Amino acid sequence: MSQVPTLAALLSQLVVDAADRAGHAGVLDTVEPATPTNNPKFGDYQSNHAFRLGKALRTNPRKVAETVKSELTDHPLVDRIDVAGPGFINFHLNPTAVAAHVALQTASSTAGIPQAGANHTVVIDYSSPNVAKRMHIGHMRSTIIGNAFHRLYEACGWTVVADNHIGDWGTQFGKLIVSWHKDLDKERFAADPIAELERLYVAFGTWAEEDPSLADAARAETAKLQAGDEDNTRLWKTFIEISLREFESVYQRLGVEFDVTLGESFYNDALPGVVDSLLDAGIAIEDDSAVIIDFPEDHPVRAVRNRKLVIRKSDGAFLYGTTDLATLEYRLKEWSPREIVYVTDGRQQLHFTQVFEAWKTWRTSRGLSTDDVALRHSWFGTLKLPQGSMSTRKGNVIRLVDLLDEAVSRSRAVIDAKSSDLPDHERAAIAEAVGIGSVRYADLSQNPQSDVIFDWDRMLSLDGNTAVFLLYSAARCFSILRKVGVDASTLDLSVAAPEHPRERELVLALARFPEVVAIARQSHRPNLLCDHLFETAQRLNRFYAACRVIQKDGIADPSRLALVALTGRVFRSGLSVLGIPVLERM
RNA sequence: GCCCCCGUAGCUCAGUUGGAUAGAGCGACCGCCUCCUAAGCGGUAGGCCACAGGUUCGAUUCCUGUCGGGGGCGCCA
């Protein structure tokens, strides 16, 4: 299971080795990976190593580049090396060798993706909806982006613990229990339990506006539940069970799976101990009969300066931050992760910074290290409706199922128009894959941190840079292989020898796939992978338009056929990392 | 008031964490199917990267300030 290196890693290693031979060993402690050039006249890949070396050595980077170049050894992948401009080292690659390299990459079980996470565990906390309500499009981003991280980390060799930290505790249960006793419609509950729960929850808000005593009743029910009251506990469990079943149906369609679902309630018993420990350590203090963590005005992290985090309310109840601290401790103890990733809305930035900083202080105070785990709040931009923010209580929500259904139905209309020859059941399957894939891709293809104004047509577009284009491009590859009648798994893919410019462009994109996955994982930006697959698809289609694979006599060009098979494999890997199942035809 | 994000083509957004001549989709206009899927391909038009300084071989990217937009700041999550 030897690892196939990326072109970026391989070429930068050549430069580093040459620099060492030129007497520059140990000058720099980090290696800047080679990157593709933005213009073919500068070759295929470039190294900017000489700039950094030149800076460190206080020498002209151009001279450094020349020296390094003179020490560079021959490599089968490299046809020619130029030094250009102020000190760029440009690599002109050998297309046939690159194709052979791609053949090695795609043949490996890891698709050639660097296994940076081997022997490491990451906990990813994502989706995390609240119980007793159906998921709406506000839950979409955490679910889809979080799942993309899940897949990216796995592709990079990490052991992933995907944890759905559901909101299964809190004051909403008191409200729901009051409504349940007041107005439960048994028939509706039997027919559609989650819809009835949601109705009861919304109804409570309406009633409470006219009858303030209901709020007290709700608080009393919440307190009873927290005290372990049998009836309320039974109801609470029912609510959770119904909700999880509802969530599961959406997750299945979206291709989302969790390893554990440990909601807030799981940590209830640990909360008093957390607060006591923080009080004992002098990190938390009592203030107005609540317990808070105060961050001083000279705290090294500017964002938390003069901010306070309440960890126990004056009525003795615990909060979100308390649970988060308990959850953090549990995850460390249980899985010893190298990283913990929290995928939430950007509005929680301050909250998580407070939790992380409080935890560091707390842990240090116990003589423990905080260096063995990286905490990453991977926030995403807010999704808003054109009319403003959503609220189940106000009733202005778009349910996730409705979005998915609409996506599938729009895809179905297109398929019926374009592929009427396919059997009905296959068209239905294609519509599902295209519809769901489009929703996933629409979210993943932009920078996660950008805000989004929800727009049906934009979200469900089937033109341009969308999942459809990628699926279509992959299907074109499979179609050629099918037509030739070869078994792609037994085909000799080492015979690809790109000659035409469109072939060369394509094979370079294929070679780059593994390094893009690594970058997307590291930087938490699935859109970089989307961009690259889109670019690959464009190149495939340009190649397709310019180069025939199956000649007029019906015989396939072996080199081009291998190139098509390699492209199909890269699409398969890439789309699977995005959670979009490929289609053999469409 | 303090803190965090954002400002790139008519619209929606990318931009590999500082690299060479800033890209894509949509929309507009002009072309391409007797040929492996036209859900495709080729071409044209469209830019003071909000503005002003600074850092250096090099800035859309980093720093400072200004203007404009969004968000957060003690008992919700």
Side-chain angles (χ1 to χ4, degrees), chain A residues 8 33 35-39 41-42 46 48 51 54-55 60-62 84-88 90 128 130 167 170-172 264 287-292 294 297 302-315 317 319-321 323-324 344-351 353 379 381-382 384 414-415 417-419 434 445-447 449-453 455 457-458 461-466 468-469 471-473 475-476 479-484 512 515-516 519-520 522-523 525 527-528 530-532 534-535 538 541-542 544-552 554 556 560 564 585-586:
Chain A
T35 54
T37 59
N38 60 6
N39 188 325
K41 84 172 184 203
F42 299 129
Q46 67 185 53
N48 302 331
F51 292 113
K55 187 162 284 185
N60 181 340
R62 172 85 197 198
F88 297 102
N90 293 334
S128 309
N130 286 327
T171 51
Q172 76 263 35
E264 291 166 11
D287 191 274
D288 286 340
S289 72
V291 177
I292 63 162
D294 197 359
E297 65 181 339
R302 190 194 300 250
V304 299
R305 286 176 189 171
N306 292 317
R307 297 281 122 86
K308 298 157 179 38
L309 177 70
V310 180
I311 57 171
R312 194 176 73 200
K313 303 205 283 188
S314 41
D315 66 2
L319 291 120
Y320 185 32
T323 313
D324 279 337
T344 84
D345 188 292
R347 287 174 298 192
Q348 296 188 36
Q349 279 177 88
L350 173 59
H351 171 79
T353 310
W379 57 271
T382 310
K384 279 183 288 199
V414 177
I415 290 151
K418 302 209 182 216
S419 305
V434 167
S445 59
Q446 64 183 308
N447 188 319
Q449 300 193 335
S450 305
D451 286 337
V452 178
I453 309 249
D455 178 77
D457 290 334
R458 201 159 94 71
S461 165
L462 301 173
D463 301 315
N465 185 359
T466 65
V468 176
F469 184 57
L471 290 169
Y472 173 76
S473 307
R476 278 189 143 177
S479 169
I480 290 176
L481 294 166
R482 198 165 48 239
K483 199 145 279 185
V484 174
R512 185 138 197 274
E515 58 198 65
V516 172
I519 294 168
Q522 201 280 328
S523 62
R525 279 184 300 175
N527 62 305
L528 297 180
C530 293
D531 274 358
H532 182 259
F534 177 64
E535 176 71 30
Q538 283 182 318
N541 283 295
R542 284 178 201 140
Y544 188 96
C547 307
R548 285 202 61 88
V549 178
I550 302 171
Q551 306 299 335
K552 293 240 164 66
R560 287 180 176 170
V564 164
R585 53 181 179 176
M586 58 188 284

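As the structure is a prediction and not an experimental result, all values here were calculated from the model. Here is the naming used below: chain letters follow the sequence lines, and residue numbers restart at 1 for every chain.
Distance noted for atom P between B:A24 and B:G69: 32 Å (whole Å). Separation of the C1' atoms belonging to B:G10 and B:C29 is 14 Å when rounded to the nearest angstrom. B:U37 sits 28 Å from B:U44 when the C1' atoms are compared, rounded to a whole Å. Spacing of P atoms, B:G15 relative to B:A9, comes out at 15 Å, to the nearest Å. Comparing B:G46 with B:G40, their C1' atoms are spaced 24 Å from each other, to the whole Å. Separating the C1' atom of B:A22 from that of B:C13 is a span of 14 Å, rounded to the nearest Å. Taking the P atoms as reference points, B:U61 lies 29 Å from B:C26, given to the whole Å. A gap of 6 Å separates the P atoms of B:U8 and B:A50, to the nearest Å.
Interface remark: the A:Asp531 side chain does not form any donor-acceptor pair with the B:G15 base, using a distance-only criterion of under 3.5 Å. On a pure distance criterion of 3.5 Å, a polar donor-acceptor pair joins the side chain of A:Asn90 and the base of B:A20. Below the 3.5 angstrom threshold, one finds no donor paired with an acceptor across the side chain of A:Arg347 and the base of B:C4. Evaluation of atom-type donor-acceptor distances gives a pair under 3.5 Å for the side chain of A:Gln46 against the base of B:A20.
Between the side chain of A:Arg62 and the backbone N or O of A:Gly85, at least one donor-acceptor pair lies under 3.5 Å. Between the side chain of A:Asp288 and the backbone N or O of A:Ala290, no donor-acceptor pair lies under 3.5 Å. Side chain of A:Ser479 to backbone of A:Ala475: no donor-acceptor contact under 3.5 angstrom is found. A:Asp451 places a side-chain N or O within donor-acceptor distance of the main-chain N or O of A:Thr382, the cut-off being under 3.5 Å. Proximity of a side-chain donor or acceptor of A:Gln349 to a complementary backbone N or O of A:Gly346 within less than 3.5 Å is detected.
For the pair A:Asp455 CG and B:U12 P, the interatomic distance rounds to 10 Å; values are reported in whole Å. Atom pair A:Glu535:CD and B:U16:C1' shows a separation of 12 Å (rounding to whole Å applied). In this structure, CG of A:Asn447 is placed 5 Å from P of B:G15, rounded to the nearest angstrom. As a whole-Å value, the separation of A:Lys418 NZ from B:A39 C1' is 5 Å.
Summarising the base pairing, B:A52 is matched to B:U64 through a Watson-Crick or G-U wobble pair whose two defining distances lie under 3.5 Å. Across all strands shown, B:A24 forms a Watson-Crick or G-U wobble pair with B:U12, both key distances being under 3.5 Å. For B:G40, the paired base is B:C32 (Watson-Crick or G-U wobble, both distances below 3.5 Å). With both pairing distances under 3.5 Å, B:G18 is matched to nothing as a Watson-Crick or G-U wobble pair. For B:G1, the paired base is B:C73 (Watson-Crick or G-U wobble, both distances below 3.5 Å).
Phosphate proximity of B:G25 to A:Gln538: present, with a side-chain N or O under 4.0 Å from OP1 or OP2. Within the 4.0 Å cut-off from OP1 or OP2 of B:A14, not a single side-chain nitrogen or oxygen of A:Asn527 is found. Put simply, A:Arg476 has no side-chain N or O that comes within less than 4.0 Å of OP1 or OP2 on B:G40. The side chain of A:Ser479 places an N or O atom within less than 4.0 Å of a non-bridging phosphate oxygen (OP1 or OP2) of B:U37. The side chain of A:Lys483 places no N or O atom within less than 4.0 Å of a non-bridging phosphate oxygen (OP1 or OP2) of B:C36. Taking side-chain N and O atoms only, A:Arg542 has no distance below 4.0 Å to OP1 or OP2 of B:G40. Contact between the side-chain N/O atoms of A:Arg458 and the OP1/OP2 oxygens of B:C13 is found at a separation under 4.0 Å. Taking 4.0 angstrom as the limit, A:Asn48 places none of its side-chain polar atoms (N or O) nearer than this to OP1 or OP2 of B:C57. Between B:C76 and A:Lys313, a contact under 4.0 Å exists linking OP1 or OP2 to a side-chain N or O.
Ring orientation note: the planes of A:Phe88 and A:Phe51 are nearly perpendicular, at an angle over 60° on the 30°/60° scale.
Considering only the side chain of A:Pro36, B:U16 comes nearest among B:A39, B:C13, B:U16.
Summarising the geometry of A:Arg560 relative to A:Cys547, their closest heavy-atom pair is CZ-CB, 3.5 Å, with the distance given to 0.1 Å.
Nearest-nucleotide mapping onto RNA chain B: of A:Pro61 and A:Gln349, the residue sitting toward the 5' end is A:Gln349. Comparing A:Arg512 and A:Met586, the nucleotide of RNA chain B nearest to each residue sits closer to the 5' end for A:Arg512.
Under the stacking criterion of a centre-to-centre distance below 5.5 angstrom and an interplanar angle below 30°, A:Phe88 is not stacked against the six-membered ring of B:G19.
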